[in-house]
**Student:** 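My questions all concern the structure below.
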Amino acid sequence: MLPIDAAAHSSRWRRRHPVDKAVLGLGLTVLAVCLPPWPGAALVLATAVVLLLGPAGVPGRRLWRAYRVPLGFCATGALTLLVQVGGPGGFVSLAADGPLRAGELMLRTSAASLGVLLFAFTTPMSDLLPRLVRAGVPAPVVDVALVTYRMSFLLLDSVRRIRQAQAARLGHTGRRAEWRSLAGLGATAFVRAFDRASRLQAGLAGRGYDGTLRVLVPEARVSVRFTAVSCLLLAVLAALTFLLERPPL
């Protein structure tokens with residue numbers, strides 16, 4: 001199981017309905033995208049961090065391990081705004097307002113990423129995907145997503161076991177051995193993936209699969225109080241942004 005999925009299953013908000021957490025997490029993401037980077041995105045970023053580490057109960061180290069990947073993409077995109085191609089400065093030169101635009105983009109994207117992580121760290125996919133059918137998503141699409149989700153964990157577990165077996169047989173002692181082990185890892189994982197898929201198909205056929213996967217979904221109701229408080233928090237963040245952005249009289 002991936003660390004973020006394990007954290008979602010042990011989250012304090014695990015038993016809440018996905019709609020409750022979607023209003024809060026995705027609402028913060030929308031605010032980060034729509035509000036001015038300063039102070040709007042900065043307020044959203046600080047609020048998301050407080051919610052993740054506080055009420056949601058996400059460990060700080062686990063949050064950082066998941067956050068550093070999208071943060072790297074945010075930084076890569078922001079760096080491109082520091083330079084410009086063409087113009088009086090030459091073929092490639094520093095952009096006049098590059099640092100300002102890079103900082104704004106970094107604030108906006110990093111805050112939006114935390115809003116998505118707030119939803120991901122509190123909502124297991126096994127709770128979300130089956131409920132998408134009620135929201136109007138075609139059942140075959142949800143079934144494919146469920147099977148892919150399950151198969152991804154099996155494939156990752158197979159890769160981990162193969163890597164451990166190769167390391168025990170001194171398969172990583174040199175560059176040549178590394179490349180040989182990597183080729184063997186890819187070939188073995190490819191064969192095992194097809195074997196798992198064929199076994200899954202045979203198992204479903206033996207259980208009378210009729211085109212729909214029926215799974216048990218934990219009972220949960222949309223909390224009107226939680227949703228109202230989330231909407232109030234989003235409204236306060238938006239109002240505070242425009243209040244702080246307004247120049248003094």
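Start at 1 with the first residue, then count along the sequence.
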**Student:** So which heavy atom on Ala8 is nearest to which on Arg14, and how close?
**Tutor:** O-CD, 3.5 Å
**Student:** Rounded to the nearest 0.5 Å, how far apart are CG of Leu51 and NZ of Lys21?
**Tutor:** 13.5 Å
**Student:** Look at the side-chain heavy atoms of Ile, Leu, Val, Met, Phe, Trp and Tyr, link any pair under 4.5 Å apart, and say whether Leu240 and Leu31 land in one connected group.
**Tutor:** yes
**Student:** Are Gln166 and Leu185 packed together at the side-chain level, in the sense that at least one heavy-atom pair is separated by less than 4.5 angstrom?
**Tutor:** yes
**Student:** Between Arg62 and Ser10, which heavy-atom pair has the shortest distance, and what is it?
**Tutor:** NH1-OG, 4.5 Å
**Student:** Could you tell me the separation between the CD atom of Glu104 and the OG1 atom of Thr109, rounded to the nearest 0.5 Å?
**Tutor:** 11.5 Å
**Student:** Taking all atoms of both residues into account, what is the closest heavy-atom pair of Ser230 and Val23, and its distance?
**Tutor:** CB-CG1, 4.2 Å
**Student:** One pair to check against salt bridge (charged side-chain N to carboxylate O under 4.0 Å, His left out): Asp195 and Arg192. What are the steps and the verdict?
**Tutor:** CA-CA 5 Å; Asp195 179 64; Arg192 287 194 178 185; over 6 Å; no
**Student:** Looking only at non-hydrogen atoms, find the nearest pair between Leu105 and Leu81 and report the distance.
**Tutor:** CD2-CD1, 3.7 Å
**Student:** Do Val33 and Leu117 share a hydrophobic cluster (ILVMFWY, side-chain heavy atoms under 4.5 Å, transitive)?
**Tutor:** no
**Student:** For the CG atom of Leu43 and the CG atom of Leu35, what is their distance to the nearest 0.5 Å?
**Tutor:** 8.5 Å
**Student:** Taking atom CG of Leu118 and atom OG1 of Thr123, what is their separation to the nearest 0.5 Å?
**Tutor:** 8.0 Å
**Student:** Answer whether the closest heavy-atom distance between the side chains of Val44 and Arg108 falls below 4.5 Å.
**Tutor:** no
**Student:** Decide yes or no on side chain to side chain contact (heavy atoms under 4.5 Å, CB included) for Ser110 and Tyr67, but give the supporting numbers first.
**Tutor:** CA-CA 9 Å; Ser110 58; Tyr67 183 48; 3.0 Å; yes
**Student:** Quick check: Trp13 with Phe121 (ring centres under 6.0 Å apart)?
**Tutor:** no
**Student:** For Arg221, does the CZ atom have more than 12 heavy-atom neighbours from other residues, nucleotides or ligands under 6.0 Å away?
**Tutor:** no
**Student:** Take a 6.0 Å sphere around CZ of Arg12 and say whether it holds more than 12 heavy atoms from other residues, nucleotides or ligands.
**Tutor:** yes
**Student:** Please determine whether residues Val19 and Leu28 belong to a single hydrophobic cluster, defined as Ile, Leu, Val, Met, Phe, Trp and Tyr linked transitively by side-chain heavy-atom distances below 4.5 Å.
**Tutor:** no
**Student:** Angle class for the Phe190/Phe194 ring planes (parallel below 30°, perpendicular above 60°, tilted otherwise)?
**Tutor:** tilted
**Student:** In this structure, would Leu233 and Phe242 fall into the same cluster of hydrophobic residues linked by side-chain contacts under 4.5 Å?
**Tutor:** yes
**Student:** Which heavy atom in Ser11 sits nearest to a heavy atom in Thr122, and how many Å separate them?
**Tutor:** OG-CG2, 3.4 Å
**Student:** Can a donor-acceptor pair be found, under 3.5 Å and without considering hydrogens, that links the side chain of Thr80 to the backbone of Gly77?
**Tutor:** yes
**Student:** Is there a donor in the side chain of Asp20 and an acceptor in the side chain of Ser223, or the other way round, less than 3.5 Å apart?
**Tutor:** no
**Student:** Is any side-chain heavy atom of Asp157 closer than 4.5 Å to one of Arg161?
**Tutor:** yes
